[in-house]
Amino acid sequence: MASVSPNGDAIIIDHFSKSYRMGFFLRRVPAVRDVTLRVRRGEIYGFLGPNGAGKTTTIKALVGLIRPDRGRLTVLGGPPADPSVRRRIGFMPENPYFYDYLTVWEFLDFHASLYGIPKAERRHRIEDYLERVKMTEHAKKRIRQLSRGMLQRIGLAQALIGDPEVLILDEPMSGLDPIGRWEMRELLRSLRGQKTIFFSSHILHDAEVLCDRIGVIFQGRIIAEGAVGELIGSSIEGYEVALEGVPETVPVGPAQVLSRQDQQVYLWTQPADLSAVMDVAHTNGWRVVAVTPQKRSLEDLFMTLVREK
Ligand code: ADP
Ligand code: MG
């Protein structure tokens, strides 16, 4: 029987490797190499990397669709292929295969029945989840009539319908326009604390605003892992400071002047020099209008990590 590991990890990936046989000679080409990571219970974890990095391969192994060549994957204390574990996982594949001619309602009813939920209860749940993903008014539409954004939302409702403890979502934000992305992010955010969520994305911004922790995968290997704050929080590269009342030609301490206009000065300073700049401003009686930290984005972080490899 599956149980939660004592340390509260919902997902443990331990030295997972997988290769595919390719080409005429069926040469083994590695897709994932020695990936190790943990997701704590209740956490939102972003699994980030560019196309072809190995995200889908890892996710397939996490839901028991493929077997690892090496290593072990554990969800809620047990192997993902175990039906008692599988029932506690909600899964949304990358390109959800939908039954075009089913209606939205029929599709969800079908998935709910796979969980063995009785008919009366299914009805309540479907209503509830349609409401949550804002699809109530589309319940009678056929799947093939839906827009990409609606498909993704129905895919999420399908993953949620069995009330799983762990949600595993492969690129839930892909193919969505900015509003669709925002809606999907808000939906996932609304589940924070209720579910453990593991999702993949090649868009770093999704993770920056949503995740507790992230793992970055590149060419099958994890190249960074940690709290979003740890990975990018420490990356304040400097501060933009706006001062008022600074006479034209006066230098402003250890800072680089970006622009001067009348008595307004915009400057850039290293983190270590910020207090010195504030002192100079204070001593001279200049007004500090704004101090804006300039953060390195996850995009920058990613490019740096990739370059270091
Ligand atoms: P991602 O989801 O990050 O885009 P994938 O896990 O889908 O990455 O793919 C990782 C690598 O494995 C890629 O080079 C891809 O071409 C290869 N690959 C994925 N699935 C298969 C498969 N069924 N057969 C052969 N190669 C595959
Ligand atoms: Mg993929």
Side-chain angles (χ1 to χ4, degrees), residues 11-39 44-75 80-81 89-98 148-149 151-156 158-159 166-176 180-181 184-185 188 197-208 210-211 213-226 228 231 298-299 301-309:
I11 294 173
I12 300 173
I13 301 179
D14 194 23
H15 298 288
F16 167 59
S17 296
K18 180 77 187 177
S19 57
Y20 293 107
R21 288 193 179 279
M22 302 267 280
F24 183 73
F25 295 104
L26 296 179
R27 207 162 47 87
R28 285 196 164 276
V29 179
V32 176
R33 312 166 201 226
D34 201 33
V35 161
T36 293
L37 61 86
R38 277 155 197 271
V39 180
I44 302 185
Y45 190 99
F47 191 44
L48 303 175
N51 287 325
K55 301 181 299 294
T56 297
T57 301
T58 306
I59 284 182
K60 281 183 178 173
L62 257 187
V63 296
L65 285 173
I66 56 171
R67 290 161 62 89
D69 295 341
R70 252 170 294 134
R72 217 158 71 113
L73 299 97
T74 309
V75 180
I89 303 174
F91 170 47
M92 175 175 162
E94 187 168 19
N95 289 303
Y97 177 75
F98 290 114
R148 177 78 197 211
L151 284 175
Q152 299 287 81
R153 269 149 46 203
I154 285 301
L156 182 65
Q158 169 276 125
V166 174
L167 268 185
I168 296 175
L169 314 169
D170 198 358
E171 304 262 2
M173 261 79 83
S174 83
L176 299 180
R181 300 189 88 79
M184 181 59 77
R185 280 206 305 263
L188 297 182
I197 303 176
F198 181 92
F199 76 95
S200 70
S201 177
H202 60 280
I203 309 281
L204 302 170
H205 181 68
D206 292 338
E208 202 168 1
L210 193 61
C211 294
R213 287 194 313 134
I214 57 171
V216 182
I217 184 170
F218 181 65
Q219 294 179 347
R221 293 182 205 279
I222 296 285
I223 57 170
E225 216 215 342
V228 173
L231 284 174
L298 269 178
E299 259 81 10
L301 171 78
F302 185 70
M303 292 317 292
T304 314
L305 292 170
V306 167
R307 251 183 251 120
E308 282 167 4
K309 290 287 136 179

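Sequential numbering from 1 along the given sequence is applied to the chain's residues. Just follow the structure's listing: the first ligand is 1, and inside any ligand the first atom is 1. Worth saying up front: this structure is predicted, and the values here are computed from it rather than measured. Both backbone and side-chain heavy atoms feed into the values below; hydrogens, waters and symmetry mates do not.
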Which residue from Thr56, Leu48, Thr58 reaches closest to atom 2 (O) of ligand 1 through any of its heavy atoms? Thr56
Nearest non-hydrogen protein atom, atom 23 (N) of ligand 1: Tyr20 CE2, 3.7 Å
If you measure from atom 6 (O) of ligand 1 to every heavy atom of Asp170, Ile59, Ile66, Thr57, which option wins on shortest distance? Thr57
Candidate list Ile168, Leu37, Ile11, test side chain to side chain contact (heavy atoms under 4.5 Å, CB included), partner Tyr45, passing option: Leu37
Using the test side chain to side chain donor-acceptor pair (under 3.5 Å), find all partners of Gln219 that sit at least two apart in sequence or belong to another chain. none
Just by distance, with hydrogens left out, do Ser19 and Asp69 show a side-chain donor and acceptor under 3.5 Å apart? yes
Sub-4.0 Å atoms of ligand 1 with respect to non-hydrogen atoms of Asn51: 4 (O)
Ser174 pairs by side chain to side chain contact (heavy atoms under 4.5 Å, CB included) with which of Glu94, Arg181, Arg148, Met184? Arg148
Look at Asp206 together with Arg185 and state whether they make a salt bridge at an N to O cut-off of under 4.0 Å. yes
Any non-hydrogen protein atom below 4.0 Å of atom 15 (C) of ligand 1? no
Considering both backbone and side-chain atoms of Lys55, is one of its nitrogen or oxygen atoms within less than 3.5 Å of a nitrogen or oxygen in ligand 1? yes
If you measure from atom 12 (O) of ligand 1 to every heavy atom of Ala31, Ala61, Gly52, which option wins on shortest distance? Ala31
With distance as the sole criterion, is a donor-acceptor pair present between the side chains of Ser200 and Asp170 under 3.5 Å? yes
Looking at Ile44, Ile197, Val228, which one forms a side chain to side chain contact (heavy atoms under 4.5 Å, CB included) with Leu210? Ile44
Which atoms of ligand 1 are found less than 4.0 Å from any heavy atom of Pro50? 3 (O)
Across all chains, not counting sequence neighbours, the salt bridge (Lys or Arg N to Asp or Glu O under 4.0 Å) partners of Lys60 are none
For ligand 1, which atoms sit closer than 4.0 Å to a heavy atom of Met22? 25 (C), 26 (N)
Looking only at protein heavy atoms, what sits closest to atom 8 (O) of ligand 1 is Gly54 N, 3.1 Å
Within 2.8 Å of the Mg ion (ligand 2), is there any N, O or S atom belonging to Thr56? yes
